[in-house]
Amino acid sequence: MSRLSSALRALALPVAALIALSCVPVAHARAPEPRPPAGFVALSDVDPSILQEMRYVTAHNFTGHRVDGYRRPVCLLTRPAAEALHRAQRALLPRGYSLKVYDCYRPQRAVDDFVTWAKDLADERMKAEFYPRVDKSRLFDDGYIAAKSGHSRGSTMDLTLVRLPARPTRPYRPGERLVPCFAPREWRFPDNSVDMGTGFDCFDTLAHTLDPRIRGAQRDHRLLLKSTMERSGFVNLAEEWWHYTLRGEPFPDTYFDFPVR
């Protein structure tokens, strides 16, 4: 009887071990993140003289947080768009100006982050600067936020002009007092760009490129950027003086989602 009990106990050990193993969660390998397809380049590899102040990798943007998908403060573009920007920069440098980009390729996950933020009507931490005269509930209806963005196709960028020699722009301090994006330049956040009449990402009709209320040097600066970019192969979005897309972009129907890194 003792021999039989011993045999049964010996048999039970591997069975118990198997049951225990079956309860251990299986670690599944994480799917690799998508990477840029052939045809995308870092702008700095094509023209290192173009200034970069990539806003969405910081908290100084209309959401108030670092936007999903931005891992590094670098401008990625399709090669034709980067080469066209290089042509625009070559035209501006002899006149004492440089381009400065705020945003270039934008992952779809970043656009999704914008949409999620826009639906949270309680989060208005950056309203005083970026959309002081717009009710957040109207951001979709008024066209400021959309579920798709041309930036995700890789040939759209947001940019401005900087008078050379360029002064550094101080870092934004989260929680600092915010000033409306259409306030006089000396009151707004001290961007080192020329005065365009509003700051970047200003959700206001004053940001329309040819708004008749924008006059003098502010209008001249917008027209200089517009004419230079158009001669280099870009089209402006009439509602945003900073927004340009390459004509004949190589991926007109593809919205990419690889992270910026």
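These values consider heavy atoms only, across backbone and side chains, with no hydrogens, waters or symmetry-generated copies.
Side-chain polar atoms of W241 and T198 form a donor-acceptor pair below 3.5 angstrom. Checking N61 against Y172 by side-chain atom types alone, no donor-acceptor pair falls below 3.5 Å. A donor atom on one side chain and an acceptor atom on the other are found under 3.5 Å apart for Q89 and S49. In this model, a donor atom of one side chain and an acceptor atom of the other lie less than 3.5 Å apart for Y102 and D191. No side-chain N or O of E240 forms a donor-acceptor pair with one of H208 less than 3.5 Å apart. In summary, the side chains of D201 and Y56 do present a donor paired with an acceptor at a separation below 3.5 Å, with no hydrogens or angles considered. A donor-acceptor contact closer than 3.5 angstrom is absent between the side chains of R106 and T156.
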Donor-acceptor pairs under 3.5 Å, side chain of residues 31-42 to any protein atom, not counting sequence neighbours: which ones?
residue : atom : partner : partner atom : Å
E33     : OE1  : R71     : NH1          : 3.1
E33     : OE1  : R261    : NH1          : 3.1
E33     : OE2  : R71     : NH2          : 2.7
E33     : OE2  : R109    : NH1          : 3.4

Verdict with reasoning, T78 to F251, per side chain to side chain contact (heavy atoms under 4.5 Å, CB included): CA-CA 9 Å; T78 63; F251 301 106; 3.8 Å; yes
Step-by-step ring pair (Phe, Tyr, Trp, His ring centres under 6.0 Å) determination, F200 to H243: CA-CA 10 Å; F200 164 61; H243 181 116; 9.9 Å; no
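In this structure, SG in C75 is found 10.5 Å from CG in L99, a value given to the nearest 0.5 Å. One finds the OG1 atom of T228 at 4.5 Å from the CG atom of L92 (value rounded to the nearest 0.5 Å). Distance OG1/T209 to CD/E239: 8.0 Å, rounded to 0.5 Å.
By the 4.5 Å heavy-atom criterion applied to side chains, V194 and Q218 are not counted as neighbours. For the pair L77/L85, a side-chain contact is recorded, criterion being any heavy-atom separation below 4.5 Å from C-beta on. Considering only heavy atoms from C-beta on, T254 stays 4.5 Å or farther from R153 through its side chain. Annotation: side chain of M54 is in contact with side chain of C104 (closest heavy-atom distance under 4.5 Å). Side-chain atoms of Y131 and Y144, non-hydrogen and from C-beta on, never get closer than 4.5 Å to each other. Between V162 and Y97 there is no side-chain heavy-atom pair separated by less than 4.5 Å. At a threshold of 4.5 Å between non-hydrogen side-chain atoms, the residues K119 and F140 count as touching.
Under the 6.0 Å distance and 45° angle rule, R247 does not count as a cation-pi partner of F234.
A salt bridge between R125 and D123 is present, with a side-chain N of the basic residue lying under 4.0 Å from a carboxylate O of the acidic one. Under a 4.0 Å N-O distance rule, the pair E83/R87 does not qualify as a salt bridge. A salt bridge links D195 with R188: the distance from a Lys NZ or Arg NE/NH1/NH2 to an Asp or Glu carboxylate oxygen falls below 4.0 Å. Salt-bridge check for E53 with K100: passed, with a basic side-chain N closer than 4.0 Å to an acidic carboxylate O.
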